[in-house]
Amino acid sequence: MTRKIEDYIRDEVKKFGTLCFPLLDSENSTGAASIAKKVESLGASAVLVGGSSAIDQLELTNIVSSIKLQIAIPVILFPGNVTGVSPNADAILFSTLLNSEDPYFITEAQALGALSVKKYNIEPLPTGYLIIGEGTTVWFIGRARGIPFNKPRIAAMYSLAAQFLGMRFLYLEAGSGATQSIQPQMVSTVRKNYEGILIVGGGIRAPETAREIANAGADIIVISTMIEQEGSWEDKLSTIIKQIRK
Ligand code: 1GP
């Protein structure tokens with residue numbers, strides 16, 4: 001199996017330091033293709049499409065196809081369930097929700113979706129997914145036992161376990177629209193222990209926050225809510241992308 005998208009991501013990280021992957025929630029995004037085009041022009045390295053409550057596969061497929069027509073950067077699926085698999089994407093964060101209390105989100109959804117990923121020839125990026133904190137949609141849907149924000153060592157334990165299990169990507173998730181983003185101290189503690197590609201998202205709105213998380217060792221920062229809001233988010237996203245690059 002080729003690792004075309006993974007190699008591309010590793011090259012981008014080498015070139016730019018921390019990358020930004022804007023996430024287009026397939027249920028909230030009106031005009032997803034034009035937003036994708038804008039974020040590409042501002043320097044995003046890839047676009048994620050999905051979300052924890054995105055369940056309409058037809059809508060997802062239409063959005064992925066329309067985005068693919070507009071941009072050259074990869075379109076990577078970010079599934080919350082089996083319904084997050086869609087034929088025209090370049091890759092998928094093939095994730096296991098490591099701190100879920102429900103085996104469905106750890107191995108069963110993955111088993112149900114795996115043959116579709118193979119059939120559509122979507123590159124799977126093996127990802128350990130960790131939910132930090134409580135009260136967000138992904139925390140509720142994924143039946144997660146959220147790692148407390150002030151317990152970086154617990155996040156490091158899970159991260160190292162993910163590495164030992166062969167996961168080359170790790171996603172520290174505070175949840176979309178979270179009131180609090182992941183603390184830089186948790187990011188740096190995980191960074192000291194985990195050698196793969198480290199993704200951090202949830203509640204990142206200010207360039208300062210993004211820069212601190214990047215300096216703490218994140219390879220990729222995911223931003224969604226900010227670009228879903230009406231008004232001018234482009235300057236802010238552009239500042240974030242410039243500030244997190246080395
Ligand atoms: C959600 O981490 C992402 O999965 C993005 O979160 O919507 O808070 O930017 P926001």
Side-chain angles (χ1 to χ4, degrees), residues 18-30 32 35-36 38-39 42 44-55 60 63 75-81 83-84 89 91-100 105 109 125 127-144 146-147 149 155 169-184 186-187 190 197-214 216 218-231 233-234 236-241 243-244:
T18 309
L19 313 177
C20 179
F21 286 11
L23 163 66
L24 304 173
D25 190 320
S26 53
E27 293 207 315
N28 294 342
S29 291
T30 42
I35 296 176
K38 266 183 208 158
V39 301
L42 296 173
S45 299
V47 164
L48 298 180
V49 185
S52 46
S53 58
I55 44 144
L60 174 69
I63 285 177
V75 176
I76 302 173
L77 298 170
F78 177 44
N81 213 320
T83 49
I92 181 167
L93 292 181
F94 200 84
S95 310
T96 170
L97 207 178
L98 293 169
N99 60 330
S100 176
F105 293 103
L125 306 173
T127 305
Y129 190 51
L130 284 178
I131 294 180
I132 316 301
E134 297 186 355
T136 56
T137 303
V138 69
W139 165 82
F140 180 82
I141 302 275
R143 295 173 185 265
I147 297 173
F149 279 99
F169 293 76
L170 186 91
Y171 194 141
L172 295 179
E173 172 73 274
S176 191
T179 46
Q180 182 181 1
S181 52
I182 312 274
Q183 301 291 305
M186 181 178 277
V187 177
V190 168
I197 300 284
L198 179 55
I199 308 170
V200 179
I204 302 172
R205 289 174 281 267
E208 177 65 15
T209 313
R211 197 179 52 229
E212 282 174 5
I213 290 171
D219 295 307
I220 295 166
I221 284 178
V222 179
I223 292 180
S224 178
T225 303
M226 197 186 91
I227 59 167
E228 278 168 10
Q229 279 156 3
E230 295 294 316
W233 47 265
E234 289 146 56
K236 213 162 153 193
L237 189 73
S238 164
T239 307
I240 288 176
I241 291 174
Q243 292 207 357
I244 62 177

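Atoms within each ligand, like the ligands themselves, are counted from 1 in listed order.
Neither the backbone nor the side chain of Phe21 has a heavy atom within less than 4.0 Å of ligand 1. Within the 4.0 Å heavy-atom criterion, neither part of Met226 lies near ligand 1.
For ligand 1, the atoms lying closer than 4.0 Å to a non-hydrogen atom of Gly201 are 2 (O). Which parts of ligand 1 touch Glu173 is read off a 4.0 Å heavy-atom cut-off, strictly below it: atoms 1 (C), 2 (O), 3 (C), 4 (O). Residue-ligand proximity, Tyr171 to ligand 1, at heavy-atom distances under 4.0 Å covers atoms 2 (O), 3 (C), 4 (O). Ligand 1 places these atoms under 4.0 Å from at least one heavy atom of Phe78: 4 (O). For ligand 1, the atoms sitting less than 4.0 Å from at least one non-hydrogen atom of Ile223 are 9 (O), numbered in the order shown with element in parentheses. Ligand 1 places these atoms under 4.0 Å from at least one heavy atom of Thr225: 7 (O), 8 (O), 9 (O), 10 (P). Near Gly203, meaning under 4.0 Å from any of its heavy atoms, are these atoms of ligand 1: 6 (O), 8 (O), 10 (P). Short contacts between ligand 1 and Gly177, defined as distances under 4.0 Å to a heavy atom of the residue, involve ligand atoms 7 (O), 8 (O), 10 (P).
Checked against a 3.5 angstrom limit, the closest N/O atoms of Ser176 and ligand 1 fall inside it. Checking only distances, Leu23 never comes within under 3.5 Å of ligand 1, N or O to N or O. By the 3.5 Å distance cut-off applied to N or O atoms, Arg205 is not counted among the residues near ligand 1.
For the pair Leu42 and Ile241, the tightest heavy-atom approach, listed with the atom from each and the gap, is O-CD1, 3.6 Å. Between Ala174 and Gly202 the shortest heavy-atom distance is CB-O, 3.7 Å. When all heavy atoms of Ile182 and Gly201 are compared, the closest pair comes out as CG1-O, 4.1 Å. Listed here is the closest heavy atom pair of Ile63 and Ala32: CG2-CB, 3.8 Å.
Side-chain N or O atoms of Ser224 include one that pairs as donor or acceptor with a backbone N or O of Leu23 at under 3.5 Å. Panel note: side chain Thr18, backbone Ala218; a donor-acceptor pair is recorded below 3.5 Å.
Note on ring orientation: taking the six-membered ring where Trp is involved, the planes of Tyr171 and Phe78 are parallel (angle under 30°, cut-offs 30° and 60°).
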Side-chain donor/acceptor pairs under 3.5 Å, residues 91-100, sequence neighbours excluded:
| unit_1 | atom_1 | unit_2 | atom_2 | d |
| --- | --- | --- | --- | --- |
| Ser95 | OG | Leu93 | O | 2.9 |
| Thr96 | OG1 | Ile106 | O | 2.8 |
| Asn99 | OD1 | Ile131 | N | 3.1 |
| Asn99 | ND2 | Ile131 | O | 2.8 |
| Asn99 | ND2 | Arg145 | O | 3.1 |
| Ser100 | OG | Asp102 | N | 3.0 |
| Ser100 | OG | Asp102 | O | 3.3 |
| Ser100 | OG | Gly142 | O | 2.7 |
| Ser100 | OG | Arg143 | O | 3.4 |

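Looking at Glu234 and Ser238, their side chains never bring a donor and an acceptor atom within 3.5 Å of each other.
In this comparison of Gly202, Ser181, Ala178, Gly50, the heavy atom closest to atom 5 (C) of ligand 1 sits on Gly202.
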Kindly indicate, with the supporting measurements, whether the criterion side-chain contact (heavy atoms from CB on, under 4.5 Å) is fulfilled by Ile240 and Thr209.
-> CA-CA 9 Å; Ile240 288 176; Thr209 313; over 6 Å; no
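The nearest heavy-atom contact from the protein to atom 9 (O) of ligand 1 is Ser224 N, 2.8 Å.
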